[in-house]
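Bear in mind that the values here come from a model prediction, so they are computed numbers and not experimental data. Each chain gets a letter, A, B and so on, in the order its sequence line appears, and its residues count up from 1. The figures that follow rest on heavy atoms only: side chains count, while hydrogens, waters and symmetry mates do not.
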2 protein chains.
Amino acid sequence: MSDTVPRPSKPSRPTGRAKPRQSDIARAAGVSQATVSLVLRGTESGVVLAAETRRRVLRAAEELGYVPDPVATRLAAARNGMLGLYTFSTTFPTDVAHSYYPVLVGVEEEAAAQGQDLILFTGASRAADTTSHAAAVRRVRAADGCLFFGRHVPDDPIRRLSDDGFPFVYIGRRDEPGISYVGADYVAASAEVAVRIAEQGHRRVRYLRENDDAPASTDRERGVVEGARGAGIETAGLVERTDGGDVDARLARWRDAGVTAVITEETDTGAALSGLTAAIARAGLSCPGDLSLALLGTPAAPAGAALGTAGEISGFSVPMREMGRAAVRLLLDLIEGTPTPRRHLLLACAPVPGTTIGPPPPAR
Amino acid sequence: MSDTVPRPSKPSRPTGRAKPRQSDIARAAGVSQATVSLVLRGTESGVVLAAETRRRVLRAAEELGYVPDPVATRLAAARNGMLGLYTFSTTFPTDVAHSYYPVLVGVEEEAAAQGQDLILFTGASRAADTTSHAAAVRRVRAADGCLFFGRHVPDDPIRRLSDDGFPFVYIGRRDEPGISYVGADYVAASAEVAVRIAEQGHRRVRYLRENDDAPASTDRERGVVEGARGAGIETAGLVERTDGGDVDARLARWRDAGVTAVITEETDTGAALSGLTAAIARAGLSCPGDLSLALLGTPAAPAGAALGTAGEISGFSVPMREMGRAAVRLLLDLIEGTPTPRRHLLLACAPVPGTTIGPPPPAR
DNA sequence: CTGAAAGCGCTTACAG
DNA sequence: CTGAAAGCGCTTACAG
């Protein structure tokens, strides 16, 4: 609690020439500090300043090299032009090819385009317990609003922000009501993949998903099942769950049962995908010659390598960068109180043709 | 000036249930707000609180879910646990394989490890003119201290921060006196590469550097020249500059003059490297069969591809991630006023053996 | 059209 | 050992 803010060994207040404040300008221009504030922030509440006063103040500000103190500005109940980004789970896309990285890029691009700075709240990684999570989330208020990101999010601290009317948006669909988010339309994209597989003639298919109930996983399963049903793929036994460690045995069983295509999903762990591709490699199978393979989501690293496949894995790609950008825009709408902003946004995923879907092999 | 802070259409102050402040705790615990502040921040100035008082305050704080407001904390002249990161040049490592990305990762890792949040100042990209740069740099004061990063940095706004005693450190060596930085030891690493080439028997070599006078480029040239001189490589005509567009003609000339090895450098533009590898490919040369090739710095993307070379380009790698981490630590030392911190740090670069250095081909 | 005042939530001497 | 006061630099009604 009290350790949220590190304690300085000595005051870190600037020791050299002080930076100019509004009161310095006021003195130089012969007006009050409040007047300086008014001309510097523009003419908002209908207040009209004498042109001559404006000019004097502006000139003094220019001469003194004044720039408003963002901290004081924020404390005085205005905005400070900073957006927060809070990432749950392993904080940062450490791996260059981390699947979250493009989101970060999108967020940064749009923030820059909108003239907003970004605060990266790094609290998530350390905060194992709920208490510190609560503390970490609270810090978020230093910004005008905040983006949340990650599959598993502690509900409680967030609800508190929500109750307080603090503006925030999730990147990724959420089930909690009343929360703004920008997500990917996994249902539609996943259904489309199932249809594509059916069109090649597959009827017995498996969907190997991770043992994880994040909304994204739920949506994908729903899409696969709906797509399969509509396209004539058997739905009995279609869905299986894994942690990634037991795929060899499954694969053998599937082959024996006449399964000709497998769909899996990409998550932040990548467990299902890496487990599956490794098992396929160990079994000496080739895709799509022996088995068609599809992936729901963009792989963090080119996953084809493990398969000996030169091309991409078929499936769809998640518009992560665009999600980041859209989330920033939505957040700004919320902060600005734009009337009836769209609070839920589901972005379409582009199909990835890839090279791993083909017709089923002749029956063994 | 006045547009540095976006103006809100309406106040964004939370409308719902207010978050607890110190005064709320004070009321609940039956003490003054100042006392709350003292127990919450710990016992600094020798003040000793009654254990019973401490307990009451702590319990009330716990019950109310109090977390200090970082903005108010900062304004009241203490630290706020935020470190700034200001990137010059094209703001963000947009490309996944952007050469700056590992630095960002290192900064984030160490910041998280130290319990600091990170403010990404995105101002750099937009700010073409000096004025807005000044404004953008000034915003940096919202943080306890700031990291600067990028080859080309406007001196003026920075000097101002320096005069004011604001703590900051550069990532990358600087020539300006009195400024803290964490850089890479390009001189030593570049000399080592020249020596390695000499050891293979090369005597006539070219160093193709970019037409850019950043300290990193200066250091590399110095290292190459010193290494070459010490190892018996001809230094006359050794160094050439390019913008990347005219390499074909040079390459032909070099070959005619009996040049058997070429060294180039990696920068944020990558112009010299991409120009050179393209020219080598067009000339149908192979490395190191026809020509040995070395690179000073880590390529943003695997550059071997353009060469048809499977392996890495020989040279050295810049410890970017570690630079990021070290910079954070140094900055914290500065902020905390640690006595005589090391203000200049030059990290060693690891040699990359690679596959593009070999003995010279038999004379034509 | 401008000034004086209060307040944002905290820290920090300074008195008691 | 604790309280009352001033102040960080700004914004925002509210008076004149």
Show the distances under 3.5 angstrom between N or O atoms of the protein and N or O atoms of nucleotides 3-6 of chain D.
| residue | atom | partner | partner atom | Å |
| --- | --- | --- | --- | --- |
| dG3(D) | OP2 | Ser32(B) | N | 2.9 |
| dG3(D) | OP2 | Ser32(B) | OG | 3.2 |
| dG3(D) | OP2 | Thr35(B) | OG1 | 2.7 |

Task: With sequence neighbours excluded, residues passing salt bridge (Lys or Arg N to Asp or Glu O under 4.0 Å) with Arg56(B) - done: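 Residues passing salt bridge (Lys or Arg N to Asp or Glu O under 4.0 Å) with Arg56(B): Glu52(B).
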
Atom [atom1] of [X] to atom [atom2] of [N]: distance rounded to whole Å?
{"X": "Ile25(B)", "N": "dT11(C)", "atom1": "CD1", "atom2": "P", "value": "11 Å"}
{"X": "Arg55(B)", "N": "dT2(D)", "atom1": "CZ", "atom2": "P", "value": "12 Å"}
{"X": "Arg54(B)", "N": "dT2(D)", "atom1": "CZ", "atom2": "C1'", "value": "14 Å"}
{"X": "Leu40(A)", "N": "dT12(D)", "atom1": "CG", "atom2": "C1'", "value": "15 Å"}
{"X": "Arg74(B)", "N": "dG7(D)", "atom1": "CZ", "atom2": "C1'", "value": "16 Å"}
{"X": "Leu75(A)", "N": "dG9(D)", "atom1": "CG", "atom2": "P", "value": "12 Å"}
{"X": "Asp69(A)", "N": "dG9(D)", "atom1": "CG", "atom2": "P", "value": "7 Å"}

Please give me the minimum heavy-atom distance between [X] and [Y], naming the atom from each residue.
{"X": "Gly172(A)", "Y": "Met323(A)", "result": "N-CE, 4.2 Å"}
{"X": "Arg325(A)", "Y": "Ala113(A)", "result": "NH2-CB, 4.4 Å"}
{"X": "Leu334(B)", "Y": "Pro167(B)", "result": "CB-CB, 4.1 Å"}
{"X": "Leu331(B)", "Y": "Cys146(B)", "result": "CD2-N, 3.6 Å"}

Open item on the list: Ring-plane angle category for Phe168(A) and Phe148(A), please: parallel below 30°, perpendicular beyond 60°, tilted otherwise.
Closed with: perpendicular

Open item on the list: Evaluate Ile171(A) against Val182(A) for side-chain contact (heavy atoms from CB on, under 4.5 Å), listing each step before the verdict.
Closed with: CA-CA 5 Å; Ile171(A) 300 179; Val182(A) 172; 5.5 Å; no

Strictly under 3.5 Å: I want the nitrogen or oxygen pairs between protein and nucleotides 14-16 of chain D, one per line.
none

Task: Beyond-backbone contact of Leu40(A) with Tyr66(A), side-chain heavy atoms, under 4.5 angstrom - done: yes

- [ ] Mind checking side chain to side chain contact (heavy atoms under 4.5 Å, CB included) for Arg59(B) and listing every partner two or more places apart, or none if nothing turns up?
- [x]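 Residues passing side chain to side chain contact (heavy atoms under 4.5 Å, CB included) with Arg59(B): Glu63(B).
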
- [ ] Kindly write out the residues that satisfy side chain to side chain contact (heavy atoms under 4.5 Å, CB included) with Thr53(B), not counting sequence neighbours, or none if the list is empty.
- [x] Val31(B), Thr35(B), Ala50(B), Val57(B)

Open item on the list: Using a 4.0 Å heavy-atom cut-off, does Thr53(A) contact any base of the nucleic acid, only the sugar-phosphate backbone, or nothing at all?
Closed with: sugar-phosphate

Task: Side-chain N,O (Ser37(B)) to OP1/OP2 (dT11(C)) below 4.0 Å - done: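 Answer is yes, contact under 4.0 Å.
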
TODO: Would you mind checking if Asp144(A) and Arg74(A) are paired as a salt bridge, meaning a charged N to carboxylate O distance below 4.0 Å?
DONE: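 Yes, charged N to carboxylate O under 4.0 Å.
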
Task: All stems with DNA chain C, defined as three or more consecutive Watson-Crick or G-U pairs under 3.5 Å - done: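 Stem list for DNA chain C: C:1-3 with D:14-16, C:5-12 with D:5-12, C:14-16 with D:1-3.
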
